[in-house]
Engineer: 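To start, I am sharing the structure in question, which I have written as structure tokens.
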Amino acid sequence: MFYKKYLKIKEKNNSHVCVGLDSDYEKINNEEKDLYKKIYEFNKDIVEQTNKHVCCYKINSAFYEKAGTDGMKAMEDTINYIKENTEIPIILDIKRSDILNTAKAYADYFVDNLQADSVTLNPLMGRDSITPYLEKKVHVFILVLTSNPSASDFIMKNDLYIDLTNFSQVLNKEFENQVGIVVGATNDKFKEINKINENMIYLIPGIGAQGGDLKKVLEQVKDKEFVINSSRGVIFSEDPEKSVIDLKDKINGGL
């Protein structure tokens, strides 16, 4: 169960940092020519450098799908490596949304085959696009308010993010702490969402490359469970371990 694993490793590593393994092979600077090895060895090195300083890893499937069968194998083997060598929970960032029978097929792969601890899901197709995952006892992070500029096209209109938070909270009560919510650091709506969010974990992207204000976010979520995701700012930095430690220290210093 993601929630219990998260609480345990958060305490052990004294960390709210989630490292996003957005391992785009076009940006990986190692000399490996074999595409599978290029991605997998890169990920393995990042995990070896950072596992004592994080509370979870987030694997964005898009960057592995982009690389075809080599990328998918690298993703599967990265998950296995993390599970075999650490106690750190894994979020598969898939943002899927589909009708019931298709959602079940996705859940069979990402939950049963890949053994994700949590997945990110787009809720706009409603309950039956979410429940196939929850019924498999896996945790889900529901997109409530994203960090991209185009969130204003729909999610910000007519306070849809409030409806999505209420929807998520209802599911979380029904499925006993299997639901968290994604709220981007570039939005200043945490205080509103906090009024609804009783015990859902925040997954917070948007710090770093997207321009989110860490100090401002921490002021608003300090009384909630949360993880701060950093992807490019860690994995493509000159010193990933130092980058994670610096972020962890900034977060802990701001609480």
Side-chain angles (χ1 to χ4, degrees), residues 2 6 10 13-22 24 50 53-60 62-63 89-95 118-123 139-157 159-165 168-169 179-237 240 242-255:
F2 177 87
Y6 153 77
K10 180 191 75 167
N13 286 351
N14 189 28
S15 177
H16 291 270
V17 177
C18 174
V19 166
L21 294 171
D22 294 3
D24 185 344
T50 62
H53 312 292
V54 304
C55 65
C56 57
Y57 288 106
K58 183 172 73 67
I59 296 177
N60 190 325
F63 295 103
I90 299 168
I91 304 167
L92 274 179
D93 192 359
I94 60 175
K95 300 184 181 74
S118 183
V119 297
T120 63
L121 299 175
N122 185 328
H139 184 273
V140 304
F141 278 103
I142 293 176
L143 302 178
V144 163
L145 185 52
T146 53
S147 56
N148 60 313
S150 294
S152 60
D153 288 348
F154 296 107
I155 295 178
M156 295 288 288
K157 284 186 176 179
D159 294 339
L160 177 57
Y161 63 93
I162 295 295
D163 292 336
L164 295 175
T165 305
S168 302
Q169 186 63 65
V179 178
I181 52 178
V182 179
V183 180
T186 54
N187 301 290
D188 190 22
K189 302 295 182 182
F190 285 99
K191 289 183 180 179
E192 294 177 48
I193 295 171
N194 281 344
K195 294 175 183 177
I196 302 166
N197 179 10
E198 296 178 11
N199 60 342
M200 296 183 290
I201 305 173
Y202 281 113
L203 171 57
I204 305 174
I207 296 292
Q210 295 184 60
D213 187 322
L214 178 61
K215 182 178 180 181
K216 195 172 184 179
V217 168
L218 292 176
E219 289 172 352
Q220 297 179 86
V221 302
K222 61 184 178 182
D223 296 324
K224 302 290 184 179
E225 293 293 345
F226 67 91
V227 297
I228 302 288
N229 182 73
S230 181
S231 301
R232 289 168 285 177
V234 170
I235 66 173
F236 295 125
S237 68
K242 182 178 184 302
S243 296
V244 168
I245 293 172
D246 287 348
L247 179 56
K248 181 174 80 169
D249 289 346
K250 286 178 183 178
I251 294 169
N252 291 341
L255 295 177

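Hydrogens, waters and symmetry mates are skipped; everything else that's a heavy atom, side chains included, is used.
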Engineer: Taking atom NZ of K250 as the centre, does the number of heavy atoms from other residues, nucleotides or ligands within less than 6.0 Å exceed 12?
Structural biologist: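 Atom NZ in K250 is not packed in, count stays at 12 or less.
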
Engineer: Would you mind reporting whether I235 and P240 have side-chain heavy atoms less than 4.5 Å apart?
Structural biologist: no

Engineer: Once rounded to the nearest 0.5 Å, what's the spacing between atom OG of S231 and atom CD1 of I207?
Structural biologist: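 So the OG of S231 and the CD1 of I207 are separated by 12.0 Å.
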
Engineer: Checking D213 side chain against A185 main chain: does a donor-acceptor pair fall under 3.5 Å?
Structural biologist: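 No, D213 side chain to A185 backbone: no donor-acceptor pair under 3.5 Å.
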
Engineer: Could you pull out all residues at least two apart from K216 that satisfy salt bridge (Lys or Arg N to Asp or Glu O under 4.0 Å)?
Structural biologist: D188

Engineer: Do we see a donor-acceptor contact under 3.5 Å between the side chains of S150 and N148?
Structural biologist: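 Result is no, nothing qualifies.
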
Engineer: For T186 and S147, indicate whether the former's side chain and the latter's backbone hold a donor-acceptor pair under 3.5 Å.
Structural biologist: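 At least one qualifying donor-acceptor pair exists.
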
Engineer: Provide the closest heavy-atom pair for L203 versus K58 in the form atom of the first, atom of the second, distance.
Structural biologist: CD2-CD, 4.1 Å

Engineer: Sub-3.5 Å donor-acceptor pair from the side chain of D24 to the main-chain atoms of F63, do we have one?
Structural biologist: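 Pair absent, no side-chain N/O of D24 close to backbone of F63.
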
Engineer: Measuring only between side-chain heavy atoms, which start at C-beta, is D22 closer than 4.5 Å to D93?
Structural biologist: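 SC-SC contact between D22 and D93 ruled out.
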
Engineer: Check whether any side-chain heavy atom of V19 lies under 4.5 Å from a side-chain heavy atom of V17, and answer yes or no.
Structural biologist: yes

Engineer: What is the ring orientation for Y6 with F2, classed by angle as parallel under 30°, tilted 30 to 60°, or perpendicular over 60°?
Structural biologist: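 Parallel: the ring planes of Y6 and F2 meet at under 30°.
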
Engineer: Measure the CG-OG1 distance between L21 and T50 for me, rounded to the nearest 0.5 Å.
Structural biologist: 7.5 Å

Engineer: Measuring from I193:CD1 to Y202:OH, what's the distance to the nearest 0.5 Å?
Structural biologist: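 Between I193 CD1 and Y202 OH, I get 5.5 Å after rounding to 0.5 Å.
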
Engineer: Does H139 offer a backbone N or O that forms a donor-acceptor pair with the side chain of S118 under 3.5 Å?
Structural biologist: yes

Engineer: Keeping the roles fixed (side chain from N60, backbone from G20), state whether a donor-acceptor pair exists under 3.5 Å.
Structural biologist: no

Engineer: Do T120 side-chain atoms and K95 backbone N/O form a donor-acceptor pair below 3.5 Å?
Structural biologist: yes

Engineer: Are V54 and K248 close enough that some pair of their side-chain heavy atoms sits under 4.5 Å apart?
Structural biologist: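 No - every pair of side-chain heavy atoms lies 4.5 Å or more apart.
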
Engineer: For K222, enumerate each residue passing the salt bridge (Lys or Arg N to Asp or Glu O under 4.0 Å) test, keeping only those at least two apart in sequence or located in another chain.
Structural biologist: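 If we apply the salt bridge (Lys or Arg N to Asp or Glu O under 4.0 Å) test to K222, skipping adjacent residues, there are no hits.
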
Engineer: Could you check V217, I204, V183 and say which one makes a side chain to side chain contact (heavy atoms under 4.5 Å, CB included) with F226?
Structural biologist: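 The option that passes is I204.
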
Engineer: Do L145 and M156 have side chains that get closer than 4.5 Å, going by heavy atoms?
Structural biologist: yes

Engineer: Taking S15 for the side chain and H53 for the main chain, is one N or O donor matched with an acceptor at less than 3.5 Å?
Structural biologist: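 The answer is yes, because a donor-acceptor pair under 3.5 Å joins these two groups.
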
